[in-house]
Number of protein chains: 2
Amino acid sequence: MELRHLLYFQAVAEELNYRKAASRLFISQPGLSRQIKSLEDELGVQLLERDQTGVELTPTGVFFKGEVDFLLNHIESTKNQLKAIASGKVGELRIGFLGSASNRVLPELLKKLNDNYPLISTSLEELSNSIQVEMIQKDKLDLGFVRLASVPEDLEMRPVFRDSFSLVVPENHPVQLADFHSVSQFQDESFILFSSDYSNYYYDQIMGICRDAGFIPNIRHKSVHALTIFRLVENGLGVAIVPTSLKEGYDLKVRFMEIPGIPQFTELSVIWKPKNRNPTLSRVISLV
Amino acid sequence: MELRHLLYFQAVAEELNYRKAASRLFISQPGLSRQIKSLEDELGVQLLERDQTGVELTPTGVFFKGEVDFLLNHIESTKNQLKAIASGKVGELRIGFLGSASNRVLPELLKKLNDNYPLISTSLEELSNSIQVEMIQKDKLDLGFVRLASVPEDLEMRPVFRDSFSLVVPENHPVQLADFHSVSQFQDESFILFSSDYSNYYYDQIMGICRDAGFIPNIRHKSVHALTIFRLVENGLGVAIVPTSLKEGYDLKVRFMEIPGIPQFTELSVIWKPKNRNPTLSRVISLV
DNA sequence: TTAATTGATAACTTATAAGCATCAATGGAA
DNA sequence: TTCCATTGATGCTTATAAGTTATCAATTAA
């Protein structure tokens, strides 16, 4: 067994089609067929179910795919760390974050990081909650900033920032901050939300706020990006409920009004995998 | 880079001598020299410091050795797990069941499963007959516990538990067990049933029992959950006819009275798809 | 000084991955 | 139904690169 086999298997498992996988790997289909077959022979198990219709993963194959993803990611990360170590940097840290984490917590962390370990380099990526969890589990990411109620067993989670919710309205909206006492004042408006596949937890909370105020919001638009949501609000397409800290950093014709007297809040948490072998990680954990 | 390179590097890093490492790997020394060199070239770092005296690891090499050990061990353990999974010794079994199966059959099966195959994990979901059939056909479920007269061709079915029917009445109902001889004594009461979309078969049987007793029941409430039905009975909203085995496990102010002299019974069956490729399944089938 | 180490290099051999042409089986469209 | 496009598998050939042998220069110990 060679890494080649793992890489090939990964491609086939993702494409579920030998020809497509082969062209993605820039090799011929027969060559790929034979390599996969020899992999199965060596492992002594069947990984893929194939007929003239297509390809499917066996349950064993599903397990193996997970391990292969992990291994290949780990190797990739090791390669990068190697270069960092050899060039005198201490290491590399791959950080994932929700768009709504970029305003407050992340800049602070990066500053602290730079002060304490000036030689640690970072790569930042804006990703959804679920993708971050998955990538951290597979060693494709070292640290994640998410809004989640819980994470899988093999991950650790620490809350880092608690935020209230604000209603976002167009600048010229008739309801002024002084008159604003309940979300129910907006029950006839359209609502713009973060997509629920971006964060179910967030989605449920917004629904909870409206339910507590005695109405079910009329959701007209959903988006994964804060900026998009604000643009829609700006153009009068509805109002939005977002974490208050998003107030800073955007220069738009919208007004933030913190929602008074509600129990809901949103909590940004750091997550990581204690088993992650990146030596840089353990040092950074102590900073957050 | 291939696994070979990692294995070769590991040997050299441990022997700190190319010739010894080469003979341990059953290859020639020049071949090993070149493979290590090409590994260093590809990674772009120097892993080993060598002169005519011998070999030493660079700091980068020390780090890499740790990662290589980890990776190769992980691969070895993955290979072993693969075989265990393919043979069904470890694995996951997704089980669906009707609420009314939870009292008797299911706990027994889970105990047996745990005794015989402690490494098989299970996920349990309470689902209706029709949903179970559908999910099993789609390989979304491995095993189902249903009450059905028949299942589609591609599924197998085996009866596992035969149960009589009992009438459920409020604790203080005037009719006592000793006076109870026919359902017709209750023809003027309201009846509470399991929803027919939950199980048509069950629904038809209840109707059959009443028809045989010479009346058509006045059905006032329907529910998918046994507990809900019992709560309604408890509060005097009607009487219910349910499988007798539901008697256990609920602490409510209701009385069960087995219906005497009727031919109807209800049979809980396991269903599964013979074509399902989960290796765990075949092992478990033999247990039920 | 000599003999026995060390790893590196050049030239050659061989194993095998990859490529091309082609096949049989399947499924959808006409 | 028939036809055509698509699926993965197979036989044979080619090319890449791993591995071999022979040999080298440099170092160390006797």
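In what follows, every chain begins at residue 1, and chains take the letters A, B, ... in the order their sequences are listed.
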>> Applying salt bridge (charged side-chain N to carboxylate O under 4.0 Å, His left out), can you list everything that pairs with B:E14, at least two apart in sequence or on another chain?
In response: B:R24, B:K65
> B:D51: what forms a salt bridge (charged side-chain N to carboxylate O under 4.0 Å, His left out) with it, not counting sequence neighbours?
Replying inline: none
With sequence neighbours excluded, tell me which residues meet ring-ring contact (aromatic ring centres under 6.0 Å, His included) with [X].
{"X": "B:Y8", "answer": "none"}
{"X": "B:H5", "answer": "none"}
{"X": "A:F64", "answer": "A:F9"}

>> Using the side-chain contact (heavy atoms from CB on, under 4.5 Å) criterion, which residues pair with A:S121? Sequence neighbours excluded.
In response: A:K89, A:E92
> In residues 1-15 of chain B, what residues come within less than 4.0 Å of DNA chain C, judged by heavy atoms?
Replying inline: none
>> Ignoring hydrogens and geometry beyond distance, is a side-chain donor-acceptor pair present between A:S130 and A:E134 at under 3.5 Å?
In response: no
> Quick one: bend of the helix from C:dT1-D:dA30 to C:dA30-D:dT1 from 5 pairs per end, to 10°?
Replying inline: 20°
>> According to side-chain hydrogen bond (donor to acceptor under 3.5 Å, both in side chains), who are the partners of A:S77, at least two apart in sequence or on a separate chain?
In response: A:Q81
>> Treating B:Q46 as the side-chain partner and B:L48 as the backbone partner, does any N or O pair qualify as donor plus acceptor under 3.5 Å?
In response: yes
> Do B:M1 and A:L3 have side-chain heavy atoms sitting under 4.5 Å apart?
Replying inline: yes
> Hey, where on DNA chain D does chain B first and last touch, going 5' to 3'? Cut-off is any atom under 4.0 Å from a heavy atom.
Replying inline: D:dA18 to D:dT28
> How do A:P30 and B:G31 order along DNA chain C: which one's closest nucleotide is nearer the 5' end?
Replying inline: B:G31
> Do any of residues 35-44 of chain A sit with a heavy atom less than 4.0 Å from DNA chain D, and if so which?
Replying inline: A:K37
Output a table of nitrogen or oxygen pairs between the protein and nucleotides 2-7 of chain C separated by less than 3.5 Å.
{"residue": "C:dT6", "atom": "OP1", "partner": "B:N17", "partner atom": "ND2", "Å": "2.9"}
{"residue": "C:dT6", "atom": "O4'", "partner": "B:Q52", "partner atom": "O", "Å": "3.0"}
{"residue": "C:dG7", "atom": "OP1", "partner": "B:Y18", "partner atom": "N", "Å": "2.7"}
{"residue": "C:dG7", "atom": "N7", "partner": "B:R19", "partner atom": "NH1", "Å": "2.4"}

>> Measure CD/A:E49 against C1'/C:dT26 and give the value in whole Å, please.
In response: 15 Å
